[in-house]
Novice: 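Questions regarding the structure given below will be posed in turn.
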Amino acid sequence: MPPIFLQWLSLVAMIWLQSINGTNSNFPAYSSQLKHLLSMSQIQLNNLAFASDAGKLFGWLSGIAANYLPMWLVLILGSSLGMIGYGVQYLFLIGRVSNLPYGAIFFLTMLAGNSICWINTVCYLVAIRNFPLDGQLVIGLTGSYQGLSAKIYTDIVDVIYPSSDVKRARAYLLFSSILPLIVSVITAPLVRVIKVMKTKRAKDAFIFILVITIATGVFAVMGSIGSTSSLLSPFAGAVGMLTLLLAPLLIPLGLGLRHQIKQLAEEKVHIEEINNVSMDKMESGVKLDSSEIISESPSESFELSLSSSSEEFNGEIRESNNIGDDKISETNEVISVIEEIGVKVMLRRLNFWLYFFVYLFGVTLALVFFNNLGQIAESRGRSASSLVSLCSSFGFFGRLVPSIVEYFVSRRKYMISRPAFVVALMAPTGAAFFLLLANDTSVLWLYISTAIIGVCSGAITTISVSLTTELFGTKNFGVNHNVLVVNIPIGSLLFGYLAAVVYHKEGNAEGKCFGMECYRKTFSLWGTLCCIGTFFALILYARTRKFYNSQRS
């Protein structure tokens with residue numbers, strides 16, 4: 001197979017993996033039902049949300065595994081952890097497993113949360129190695145589909161169980177268990193590292209996949225808006241989403257077909273040249289026997305084939321003729337970084353701790369908000385699934401925006417400052433939390449704030465991958481980035497617990513709370529912390545400004 005075909009096929013596989021990898025975003029959709037079925041308090045429910053994030057405490061294991069194991073094995077191991085974590089909980093809800101204590105459910109939820117790290121690590125490393133010049137673009141494109149996971153799972157559940165809340169809660173757990181494993185098995189042969197020697201942007205292919213990705217996001221957003229979603233049946237919505245997820249396959253198929261056509265054309269030219277040489281010698285009276293033709297042909301054939309191969313990948317990809325064994329390989333591309341350091345040195349850098357708290361008061365706060373969407377919607381008398389779909393759809397676009405900006409800015413050979421980008425996203429996130437304090441009976445501000453938080457947190461999530469690389473290097477990226485996201489379970493426990501305490505204090509005897517007071521103090525605190533995070537991001541920008549200015553051509 002043409003190497004460029006395998007390179008782009010790996011990108012399609014990463015899109016499919018990320019589209020079903022955001023299983024933790026399904027938690028708000030079934031959390032209220034889970035709370036009712038297991039007779040849990042709000043604090044116990046919050047602890048389960050924390051458990052899902054706590055799995056990231058051990059995410060660094062996937063980075064170590066990726067250094068020693070082939071990518072397909074890391075992928076299967078990660079999805080198997082999710083199957084066990086969600087699968088046993090599903091069996092418990094349907095009565096196939098009895099006497100499952102709360103501690104066991106906590107552990108299973110943590111195991112399921114950890115599985116996400118393994119799939120993320122595989123996708124990030126393959127993207128960075130297979131697309132050295134376009135790592136940020138590819139990571140953003142594929143990562144944006146993870147923001148769409150909740151929407152995809154909701155579409156599937158809507159088709160099978162459109163009305164029963166109990167069955168819907170069980171279905172979310174069932175599909176969170178089996179879908180990642182199924183897709184991992186299908187894509188395992190495709191997600192592999194290619195020994196890229198030199199790459200050059202395939203402009204048309206990237207523009208085409210950007211169009212497909214934007215179309216997918218628009219379709220998801222339109223399906224999340226009540227007045228528009230009512231025009232499509234659940235089945236039509238699911239079929240439309242499946243079609244858009246399969247559409248990226250057209251790119252590697254088209255590139256592979258173009259390669260074959262060029263190869264056939266070159267072979268035809270080669271045969272004509274051989275015939276012309278033979279005719280010229282015959283016309284000049286030179287005796288040409290079969291042995292001369294045979295001895296001459298292989299040499300010319302090899303030279304022409306080599307020339308054809310060189311021309312074929314000029315402007316697309318130049319690489320060695322063999323495919324890697326899925327271990328991480330070096331490339332000739334130089335990725336600009338401030339320093340190349342390991343985790344021990346990284347923990348002694350001020351830049352790391354500034355970055356750590358920016359992420360804690362930005363993305364992590366947003367994730368805690370998403371985990372509480374079920375109870376927030378219930379306190380306002382609204383449907384949790386509609387808010388989850390809205391948040392998922394706008395989160396998709398948020399993750400995609402940095403990729404689009406990166407693509408068009410990099411064409412001018414200008415390196416955008418990631419910390420400056422983060423500052424521009426943290427400020428509206430803090431404002432959105434304060435907007436939630438508005439006394440709005442129509443809950444318009446709830447939907448607007450949810451969309452803003454989804455867009456901004458999604459964008460920061462995408463930017464963080466490249467920012468980790470630029471701050472601390474590529475060699476230890478798998479471990480370094482997983483150490484960074486350790487702040488997610490820390491923030492989930494701290495911020496989520498405080499929110500649960502306030503909710504419980506304002507609630508009734510049955511443990512339920514209705515009205516603005518349920519989260520008023522919580523939103524005030526979160527907005528203030530986000531403003532502090534914005535200030536830390538400004539400091540990080542000031543400290544790294546010289547580096548980014550030096551990258552301008």
Side-chain angles (χ1 to χ4, degrees), residues 21-32 34-35 40-60 81-82 85-86 89 102-103 105-117 120 146-147 149-150 176 355-376 384 387-388 391-392 395 426 429-430 433 436 450 453-454 456-458 460-461 464 481-504 518-519 521-523 525-530 532-533:
N21 191 34
T23 50
N24 59 336
S25 60
N26 294 330
F27 184 78
Y30 62 83
S31 60
S32 294
L34 193 65
K35 177 182 177 182
M40 291 187 295
S41 67
Q42 182 63 28
I43 294 177
Q44 287 178 312
L45 184 65
N46 174 75
N47 289 340
L48 285 186
F50 158 72
S52 179
D53 295 329
K56 296 179 176 64
L57 285 170
F58 304 98
W60 51 271
L81 293 176
Y86 289 115
Q89 291 184 68
Y102 178 81
I105 295 177
F106 184 93
F107 173 76
L108 290 169
T109 304
M110 187 170 67
L111 193 67
N114 180 254
S115 69
I116 297 173
C117 297
N120 275 340
Q146 186 179 120
S149 288
S176 295
Y355 185 23
F356 183 90
F357 284 105
V358 168
Y359 203 95
L360 180 67
F361 296 153
V363 175
T364 300
L365 262 181
L367 290 175
V368 176
F369 170 75
F370 300 150
N371 286 338
N372 283 270
L373 266 183
Q375 282 64 53
I376 293 172
L387 272 178
V388 170
C391 176
S392 175
M426 288 287 288
T429 303
F433 282 122
L436 289 167
T450 300
I453 295 171
C456 294
S457 63
I460 296 174
T461 301
S464 67
H481 193 68
N482 279 299
V483 169
L484 168 71
V485 298
V486 162
N487 76 73
I488 294 178
I490 295 173
S492 179
L493 175 62
L494 179 61
F495 305 139
Y497 181 78
L498 291 175
V501 169
V502 173
Y503 180 94
H504 183 73
C518 301
Y519 286 94
K521 294 178 182 178
T522 300
F523 292 151
L525 174 63
W526 290 354
T528 302
L529 290 174
C530 200
I532 295 174

Novice: Do N120 and H481 touch side chain to side chain, with heavy atoms closer than 4.5 Å?
Specialist: no
Novice: Please report, to 0.1 Å, the donor-acceptor pairs under 3.5 Å made by any side chain of residues 357-369, with sequence neighbours excluded.
Specialist:
from: T364; atom 1: OG1; to: Y359; atom 2: O; distance (Å): 3.4
from: T364; atom 1: OG1; to: N487; atom 2: OD1; distance (Å): 2.5

Novice: Is the count of non-hydrogen atoms from other residues, nucleotides or ligands lying under 6.0 Å from F107 atom CZ greater than 12?
Specialist: no
Novice: Please round to the nearest 0.5 Å and tell me the distance separating atom CG of L81 and atom SG of C117.
Specialist: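 Rounded to the nearest 0.5 Å, the CG-SG separation comes to 10.0 Å.
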Novice: Identify the heavy atoms of G22 and S149 that sit nearest to each other, and give their distance.
Specialist: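 Looks like N-OG, 3.0 Å.
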Novice: Please enumerate all residues that pass side chain to side chain contact (heavy atoms under 4.5 Å, CB included) together with A112, with sequence neighbours excluded.
Specialist: Y86
Novice: Looking only at non-hydrogen atoms, find the nearest pair between F27 and A49 and report the distance.
Specialist: CE2-CB, 3.7 Å
Novice: Using the side chain to side chain contact (heavy atoms under 4.5 Å, CB included) rule, pick out the option among F370, Y503, F523 that qualifies with I376.
Specialist: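 Of the listed residues F370, Y503, F523, the side chain to side chain contact (heavy atoms under 4.5 Å, CB included) partner of I376 is F523.
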Novice: Please report the interatomic distance CD1(I488) to CZ(F50), rounded to the nearest 0.5 Å.
Specialist: 12.0 Å
Novice: To the closest 0.5 Å, what do you measure between CD1 (I460) and CE (M426)?
Specialist: 5.5 Å
Novice: Give the minimum heavy-atom separation between C530 and F433, together with the two atoms involved.
Specialist: CB-CD1, 4.4 Å
Novice: State, to 0.1 Å, how close S492 and N371 come at their nearest heavy-atom pair, and which atoms those are.
Specialist: OG-ND2, 4.3 Å
Novice: Is any side-chain heavy atom of Y102 closer than 4.5 Å to one of L48?
Specialist: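 The answer is yes; the side chains approach within 4.5 Å.
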Novice: What is the distance from atom CE of M110 to atom CG of L57, rounded to the nearest 0.5 Å?
Specialist: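 One finds 8.0 Å between CE of M110 and CG of L57.
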Novice: Enter the distance from W526:CH2 to I453:CD1 here, rounded to the nearest 0.5 Å.
Specialist: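 If I round to the nearest 0.5 Å, the distance is 8.5 Å.
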Novice: Could you check whether any side-chain N or O of N114 sits under 3.5 Å from a backbone N or O of F58, counting only pairs where one atom can act as donor and the other as acceptor?
Specialist: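 Judged by distance alone, yes, a pair lies under 3.5 Å.
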Novice: Between N26 and S176, does a side chain to side chain donor-acceptor pair (under 3.5 Å) hold up when you go through it step by step?
Specialist: CA-CA 8 Å; N26 294 330; S176 295; 3.1 Å; yes
Novice: Checking side chain to side chain contact (heavy atoms under 4.5 Å, CB included) for the pair I43/Y497: CA distance, chi angles, key distance, verdict?
Specialist: CA-CA 7 Å; I43 294 177; Y497 181 78; 3.8 Å; yes
Novice: Less than 4.5 Å apart, any side-chain heavy atom of I116 and any of T23?
Specialist: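 Yes - at least one pair of side-chain heavy atoms lies under 4.5 Å apart.
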Novice: Of the non-hydrogen atoms in P489 and V485, which two are nearest, and what is the gap between them?
Specialist: CD-O, 3.4 Å
Novice: At their closest point, which heavy atom of L373 faces which heavy atom of C391, and how far apart are they?
Specialist: CD1-CB, 4.1 Å
Novice: How long is the span from the CD atom in Q146 to the CG atom in N24, to the nearest 0.5 Å?
Specialist: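 Rounded to the nearest 0.5 Å, the CD-CG separation comes to 7.0 Å.
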